[in-house]
Protein chains: 2
Amino acid sequence: MKYQKIPEATIRRLSRYSRCLEEMNENGEKVVSSAQLAKKCIVNAAQVRKDLAYFGEFGIRGVGYYVKDLHNNIKKILGSDKEWRMALIGVGNLGSSLLSYKDFLKQNYKIVAAFDIDPPKVIGRVSEKLGKPVEVFHINRIKEVAKERRIEIGLITTPPSEAQGVANMLVEAEVRGILNFAPVQVTVPEGFVVKDVFFTTVLDNLAYLLSN
Amino acid sequence: MKYQKIPEATIRRLSRYSRCLEEMNENGEKVVSSAQLAKKCIVNAAQVRKDLAYFGEFGIRGVGYYVKDLHNNIKKILGSDKEWRMALIGVGNLGSSLLSYKDFLKQNYKIVAAFDIDPPKVIGRVSEKLGKPVEVFHINRIKEVAKERRIEIGLITTPPSEAQGVANMLVEAEVRGILNFAPVQVTVPEGFVVKDVFFTTVLDNLAYLLSN
DNA sequence: CAATTTATGTGAAAGGAGTCACAAAATTGA
DNA sequence: TCAATTTTGTGACTCCTTTCACATAAATTG
Ligand SMILES: NC(=O)c1ccc[n+]([C@@H]2O[C@H](COP(=O)([O-])OP(=O)(O)OC[C@H]3O[C@@H](n4cnc5c(N)ncnc54)[C@H](O)[C@@H]3O)[C@@H](O)[C@H]2O)c1
Ligand SMILES: NC(=O)c1ccc[n+]([C@@H]2O[C@H](COP(=O)([O-])OP(=O)(O)OC[C@H]3O[C@@H](n4cnc5c(N)ncnc54)[C@H](O)[C@@H]3O)[C@@H](O)[C@H]2O)c1
């Protein structure tokens, strides 16, 4: 298949397929058809095949896909075959719950440093919940520590008013990826990427659907 | 304008506009043009106008939109002019951080009950963080309490393996809206709505963009 | 080994969503 | 009062995404 721009929606679905395949693999299932995978992920079977076709031919006609093989291929496509080193900025309520989120690790995402404006205040939140606590630094050491620990992704869990400032520091520290939980639009220069996780936007969506 | 199906993306953007308008209103700004609002929300100006046009005519040609008036209209459209009564199921790391998330309240979303499989174990997580703690019930009382407290939305923050079971109980209790944080696809009958908040899907997306 | 079955990969068609460009309406100022 | 200015609301166009439908290829069976 000749080159085409890949839709964002395709990438989101690949992530879903990946989770399903992981589960199937754990259940000892060897082979899966696009129809079965589609059903499990609640999408159209042709959609599954087309999504995969952007990246190559992974199936065998008349058979389907080898679960493990396809899973590996999708992980390679998504870049989740390598370990991603992350920093968390803002060790508050949400931040400390993310610090103890075990699923990140399972998925090859690792928080290797945390930052706050007041480390002594928040230190209890970290150690109280984990066997091996993540080190918490003062925010003004972010550039230095980010370099040293080869951080590639920053998670922003500060109050909204601080988010853009923190994003600027991350840019300064050449942390190219940002996952932003603070409900404000932050902007970064070309070459950097921000993705948002806005709970209330999804809630608004739900509220809209429920009232119509 | 004659009736058309309204895109999901439009609803998501309305939610964004709403946040911006709220901020503008707090700053004492009275009038805003589609171009200004668009710039702030990082979208196209025609997009702003088209999104609003699905629901009526809110602007004045040659002038723009009255900030407060438009904000009220959008809140009415989204259904966020009323208070939504929510229950949280699974008072763990993430759940207890949501319980103390003040922004929900500001946005007219209110958690009026929490449920867990082991209330005594989790009770500390709630009261330790809040002035007026949310009551935690055993999960098997969900139907009874949901009716009594007129709950309309359920937040699922249990382990993934429990999510579908919890969703079934919410359906049983006629809670029509579900916001699911557990990284599995849950299904509900016609007439019910599930929206997902999957952190790792967004991370996967970020990882993909960073590795290409 | 040929016929049958099964399920992929993909071109073509349909369906949605976003952008452009301009007529229409309100305001301002001379 | 009327021309100039501003900015909305929207039809038409473009672009992107999803679905359909079928030729193609692998496997199986008699
Ligand atoms: N709590 C939730 O469940 C939840 C849910 C969705 C979104 N959010 C958003 O996530 C963010 C954090 O929420 P929270 O409830 O954890 O707030 P919080 O007040 O508990 O935590 C914020 C933390 O950020 C630190 N901080 C403040 N300024 C900083 C700076 N400049 N640099 C580094 N650290 C700084 C504070 O010391 C504090 O520890 C907010 O933007 C909130 O809107 C929270
Ligand atoms: N911790 C995070 O930051 C984070 C981030 C993203 C997603 N998630 C997801 O959110 C969910 C919760 O994560 P967590 O880290 O808070 O886990 P956790 O183990 O800390 O909390 C789970 C809670 O659910 C309760 N529970 C278990 N089964 C139940 C049932 N049948 N009914 C009611 N309650 C039940 C447990 O008693 C526990 O209190 C998981 O699905 C996780 O994948 C968590």
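Sequence lines set the chain letters: A, B, ... in the order given, protein chains first and strands last, and positions in each chain run from 1. Here the structure is a predicted model, which means the values were calculated and not measured.
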Throw together a table of side-chain donor-acceptor distances under 3.5 angstrom for residues 153-163 of chain A, partners on residues two or more places apart or in other chains.
| residue | atom | partner | partner atom | Å |
| --- | --- | --- | --- | --- |
| A/T157 | OG1 | A/I89 | O | 3.1 |
| A/T157 | OG1 | A/G90 | O | 2.7 |

Name the pairs: protein N/O against N/O of nucleotides 18-21 of chain C, kept only if under 3.5 Å.
| residue | atom | partner | partner atom | Å |
| --- | --- | --- | --- | --- |
| C/dG18 | OP1 | B/R13 | NH1 | 3.1 |
| C/dG18 | OP2 | B/R13 | NH2 | 3.0 |
| C/dT19 | OP2 | B/Q47 | OE1 | 3.4 |
| C/dT19 | O4 | B/K50 | NZ | 3.2 |
| C/dC20 | OP2 | B/N44 | ND2 | 3.4 |
| C/dA21 | N6 | B/R49 | NH2 | 3.3 |

**OP:** Using atom NZ of A/K30 as one end and atom P of D/dA27 as the other, report the distance to the nearest whole Å.
**Re:** 18 Å
**OP:** Among A/K82, A/K110, A/R85, A/K147, find the one that has a salt bridge (Lys or Arg N to Asp or Glu O under 4.0 Å) with A/E152.
**Re:** A/K82
Sub-3.5 Å pairs of nitrogen or oxygen atoms, protein against nucleotides 27-30 of chain C:
none

Subject >> A/S33 side-chain N/O to C/dA7 phosphate OP1/OP2 under 4.0 Å >> reply: no
Original post:
How are the rings of B/F199 and A/F104 set to each other: parallel, tilted or perpendicular (split at 30° and 60°)?
Top reply: tilted
Original post:
What is the distance from CD of A/E57 to C1' of C/dA7, rounded to the nearest Å?
Top reply: 13 Å
Original post:
Just how far, in rounded Å, is C1' of D/dG9 from CG of B/L37?
Top reply: 16 Å
**OP:** Could you state the atom-to-atom distance from CG of A/L52 to C1' of C/dA7 in whole Å?
**Re:** 13 Å
Original post:
Which distance, rounded to the nearest 0.5 Å, do you find between the OH of A/Y208 and the OG of B/S80?
Top reply: 12.5 Å
Subject >> Ring centres under 6.0 angstrom apart (B/F58, B/Y65) >> reply: no
Original post:
Are side-chain heavy atoms of A/K40 and A/E23 found at a separation under 4.5 Å?
Top reply: yes
Original post:
Could you give the NZ-to-P distance, from B/K39 to D/dT7, as a whole number of Å?
Top reply: 14 Å
Original post:
Pick one: which of B/R49, B/Q47, B/K39 meets side-chain hydrogen bond (donor to acceptor under 3.5 Å, both in side chains) with B/S34?
Top reply: B/R49
Subject >> Distance in angstrom units between B/Q36 CD and D/dT8 P, rounded >> reply: 9 Å
Original post:
OH of A/Y17 versus P of C/dT8: gap in Å, rounded?
Top reply: 12 Å
Subject >> Check ion pair A/K76-A/D81 (N to O, under 4.0 angstrom) >> reply: no
**OP:** Return the value, rounded to whole Å, for the distance between atom CD of A/E8 and atom C1' of D/dC15.
**Re:** 16 Å
Subject >> Check against side-chain contact (heavy atoms from CB on, under 4.5 Å), B/I178 and B/K195 >> reply: CA-CA 6 Å; B/I178 294 178; B/K195 289 277 153 186; over 6 Å; no
